[in-house]
Amino acid sequence: MGIDVWLPRDEQDPEVHEESGSAGGMGWEALRDCVTHCTRCELAQSRTNTVFGVGNPDADWMIVGEAPGAEEDRRGEPFVGRAGKLLDEMLRAIGQSRDGVFIANILKCRPPNNRDPKASEAASCRQYLDRQIELVQPKIILAVGRIAAQNLLGCDDPVGRMRGRQYELNGIPLVVTYHPAYLLRSPSQKSKSWSDLCLATRLAAEYVA
Ligand code: URA
């Protein structure tokens with residue numbers, strides 16, 4: 001009858017966004033649905049589960065890791081293996097918790113044999129993480145490990161050079177620290193991570209949107 005039906009942005013068809021290559025404007029439900037059914041890269045064929053991310057959708061802290069490992073792929077939740085346990089302890093040390101922050105990864109699907117994400121995979125997946133950051137609007141982003149830091153900041157510096165500094169992503173303060181899996185192998189570096197967490201805590205407290 002020539003009457004347009006306007007849907008709230010949340011309820012728009014995920015497929016439309018998939019074709020345009022952007023998750024911009026999607027609400028949580030549509031975004032989760034899009035990730036669950038994503039076939040934008042070859043990892044869709046080998047994954048058991050997509051790993052969307054967990055935590056508080058209104059979190060002050062957003063933690064970004066690399067990609068799901070075997071255990072995360074099996075359970076559909078990020079950071080549930082040994083490295084995840086250490087991440088939980090790191091969060092506890094700064095008065096945060098897995099439920100209070102939002103945890104996501106550069107990739108939503110596991111790369112086979114835990115190989116590094118390919119640039120094309122990270123690019124295909126980036127729209128989902130960008131939209132998660134827009135929705136959460138955290139006061140601080142903590143990039144854990146080289147892959148997260150390099151992808152978020154678009155550089156190829158080593159973590160040792162990036163940690164301990166203040167960066168920004170779309171106006172949100174961002175701090176880089178070592179990946180908990182690396183800290184399990186090199187516990188002597190934990191004190192540096194602790195000072196990164198203290199820096200991030202200070203920046204979050206100072207942040208004004
Ligand atoms: N390592 C990551 O970077 N992310 C996970 O979810 C698990 C391990």
Side-chain angles (χ1 to χ4, degrees), residues 31-32 35-36 38 41 43-44 46-57 59 61-94 96-126 128-133 136 138 140-160 162-163 167 169 174-187 189-190 192-193 196-197 200:
L31 186 61
R32 184 182 287 276
V35 168
T36 302
C38 183
C41 80
L43 298 180
S46 53
R47 74 183 174 222
T48 309
N49 286 298
T50 53
V51 178
F52 181 74
V54 284
N56 178 358
W61 283 66
M62 183 136 179
I63 317 296
V64 181
E66 176 178 337
E71 188 65 15
E72 289 79 17
D73 173 66
R74 228 177 345 260
R75 291 176 47 185
E77 190 175 332
F79 283 101
V80 288
R82 275 186 74 219
K85 298 278 168 290
L86 179 55
L87 179 62
D88 289 347
E89 279 178 37
M90 291 162 71
L91 292 173
R92 202 163 30 243
I94 47 162
Q96 300 288 337
S97 70
R98 172 173 282 264
D99 295 339
V101 304
F102 194 89
I103 306 176
N105 282 310
I106 294 295
L107 294 189
K108 309 298 186 212
C109 297
R110 181 192 182 206
N113 305 314
N114 297 340
R115 64 158 169 75
D116 283 356
K118 293 179 185 169
S120 59
E121 294 161 352
S124 298
C125 220
R126 181 61 186 256
Y128 301 133
L129 181 59
D130 283 345
R131 185 61 187 149
Q132 286 176 315
I133 294 171
V136 174
I140 184 76
I141 298 171
L142 183 71
V144 297
R146 176 178 64 87
I147 300 288
Q150 291 181 346
N151 275 282
L152 286 173
L153 296 172
C155 68
D156 53 15
D157 291 346
V159 175
M162 289 187 274
R163 63 150 296 276
Y167 293 90
L169 184 68
L174 184 153
V175 167
V176 174
T177 197
Y178 292 115
H179 194 286
Y182 170 76
L183 294 174
L184 287 172
R185 296 193 300 275
S186 308
Q189 303 298 305
K190 282 185 182 175
K192 290 187 190 153
S193 246
D196 299 335
L197 293 176

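This one's a predicted model, so the numbers in the text were calculated from it and none came from an experiment. All ligand and atom numbering here is 1-based and tracks the order in the structure.
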Participant: Quick check: do E77 and R98 have side-chain heavy atoms less than 4.5 Å from each other?
Facilitator: yes
Participant: Checking a contact table here: which protein heavy atom is nearest atom 4 (N) of ligand 1, and how many Å away?
Facilitator: N105 OD1, 2.9 Å
Participant: On a heavy-atom basis, I'd like to know which of E66, R75, R82, H179 is closest to atom 1 (N) of ligand 1.
Facilitator: H179
Participant: Any N or O on F79 sitting closer than 3.5 Å to an N or O of ligand 1?
Facilitator: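 Checking ligand 1 against F79, an N or O pair does fall under 3.5 Å apart.
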Participant: Looking only at distances, please establish whether an N/O atom of ligand 1 is found under 3.5 Å from an N/O atom of P78.
Facilitator: no
Participant: Considering non-hydrogen atoms of the protein only, which is the closest contact for atom 5 (C) of ligand 1, and what is the distance?
Facilitator: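 Result for atom 5 (C) of ligand 1: A67 O, 3.4 Å.
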Participant: Under a 3.5 Å distance rule, please check whether R131 uses its side chain to pair with a backbone N or O of L31 as donor and acceptor.
Facilitator: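 Such a contact is absent between R131 side chain and L31 backbone.
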Participant: Only heavy atoms of G65, strictly under 4.0 Å: list the atoms of ligand 1 that pass.
Facilitator: 3 (O)
Participant: Can you check whether K108 reaches N49 side chain to side chain, under 4.5 Å on heavy atoms?
Facilitator: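 Answer no - side chains too far apart.
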Participant: Working to the nearest 0.5 angstrom, can you tell me the gap between R32 CZ and Y128 OH?
Facilitator: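 R32 atom CZ to Y128 atom OH measures 13.5 Å (nearest 0.5 Å).
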Participant: Is there a donor-acceptor pair closer than 3.5 Å between any side-chain N or O of E71 and the backbone N or O of R82?
Facilitator: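 No, because the side chain of E71 does not come within donor-acceptor range (under 3.5 Å) of the backbone of R82.
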